[in-house]
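Small disclaimer: the values here were computed from a predicted structure and weren't measured.
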Amino acid sequence: QVQLVESGGGLVQAGGSLRLSCAASGRTFSSHAMGWFRQAPGKERAFVATISWDGGNTAYADSVKGRATISRDNAKNTVYLQMNNLKPDDTAVYYCAAGSRWSAGASVYDYWGQGTQVTVSS
């Protein structure tokens, strides 16, 4: 069992940056791939980024490629999402998830956090 708690969201102006964190409980964090997803009002949950268990593989949605960096610290049981040059379209609730393999597909993730709100003003 893995419990995930996101933090770091908030209100930021367009062009600004945020670093989201996701702290995991349990001793199996380092064996899980991790992902970040987001859900904007009235829209489906969408993939943002994913990272393999050892950090050696990452992938990003086209909408954030070049502006986002996913990383993890297995010693701290934490995964991060650094977002730069934020745009109003990035406004959403951001969720982290833990799963068996790194993937853009939500179905492979077994554990989900409660989310953190990111609001980007124009």
Side-chain angles (χ1 to χ4, degrees):
Q1 189 80 4
V2 178
Q3 293 184 327
L4 304 171
V5 179
E6 302 95 336
S7 62
L11 175 64
V12 63
Q13 288 188 330
S17 299
L18 280 176
R19 188 176 81 155
L20 306 182
S21 299
C22 173
S25 65
R27 294 179 293 176
T28 62
F29 172 78
S30 61
S31 65
H32 284 82
M34 299 297 295
W36 284 97
F37 291 77
R38 66 186 181 184
Q39 187 166 19
K43 295 187 176 181
E44 298 288 318
R45 189 172 298 190
F47 166 73
V48 177
T50 182
I51 188 167
S52 58
W53 68 273
D54 62 352
N57 296 285
T58 59
Y60 299 90
D62 287 344
S63 58
V64 303
K65 201 169 291 183
R67 301 188 296 120
T69 302
I70 188 171
S71 61
R72 66 189 296 159
D73 186 338
N74 286 345
K76 295 182 178 180
N77 279 11
T78 303
V79 63
Y80 305 97
L81 181 69
Q82 176 71 42
M83 294 281 292
N84 300 321
N85 190 22
L86 284 159
K87 305 174 181 180
D89 283 350
D90 294 319
T91 296
V93 178
Y94 284 70
Y95 299 90
C96 69
S100 57
R101 58 186 175 91
W102 62 292
S103 171
S107 63
V108 308
Y109 295 94
D110 302 308
Y111 306 102
W112 293 81
Q114 293 300 306
T116 185
Q117 176 71 48
V118 172
T119 302
V120 184
S121 63
S122 57

[X] side, atom [atom1]; [Y] side, atom [atom2] - distance, nearest 0.5 Å:
X: N57; Y: S103; atom1: CG; atom2: OG; value: 12.5 Å
X: R38; Y: R45; atom1: CZ; atom2: CZ; value: 13.5 Å
X: R19; Y: S71; atom1: CZ; atom2: OG; value: 7.0 Å
X: Q114; Y: L4; atom1: CD; atom2: CG; value: 9.5 Å
X: S30; Y: N74; atom1: OG; atom2: CG; value: 5.0 Å
X: M34; Y: T78; atom1: CE; atom2: OG1; value: 9.0 Å

Are K76 and S21 packed together at the side-chain level, in the sense that at least one heavy-atom pair is separated by less than 4.5 angstrom? no
Can you find a pair of side-chain heavy atoms, one from T91 and one from Q117, that are under 4.5 Å apart? yes
Hphob cluster co-occupancy, L81 + L18, side-chain heavy atoms under 4.5 angstrom: yes
Would a hydrophobic clustering, with Ile, Leu, Val, Met, Phe, Trp and Tyr connected at side-chain separations under 4.5 Å, put V118 with I70? yes
Taking ring pair (Phe, Tyr, Trp, His ring centres under 6.0 Å) as the cut-off, I'd like each qualifying pair that reaches into residues 19-40, sequence neighbours left out, listed once. H32-Y111, F37-F47, F37-Y109, F37-W112
Could you give all pairs that pass the ring pair (Phe, Tyr, Trp, His ring centres under 6.0 Å) test and reach residues 77-108, with sequence neighbours left out? none
Side chain to side chain contact (heavy atoms under 4.5 Å, CB included) with E6: of V79, V93, T116, L20, only one passes, and it is T116
Determine the minimum heavy-atom distance between [X] and [Y], stating which atoms define it.
X: D110; Y: S100; result: OD2-N, 4.4 Å
X: S122; Y: A14; result: CA-CB, 4.3 Å
X: A33; Y: R72; result: CA-NH1, 4.0 Å

State whether the side chain of S25 and the backbone N or O of Q3 hold a donor-acceptor pair below 3.5 Å, judged by distance alone. yes
Do side-chain atoms of T50 reach the backbone of T58 as a donor and acceptor pair under 3.5 angstrom? no
Determine, stepwise, if the pair D90 / K87 fulfils salt bridge (Lys or Arg N to Asp or Glu O under 4.0 Å). CA-CA 5 Å; D90 294 319; K87 305 174 181 180; over 6 Å; no
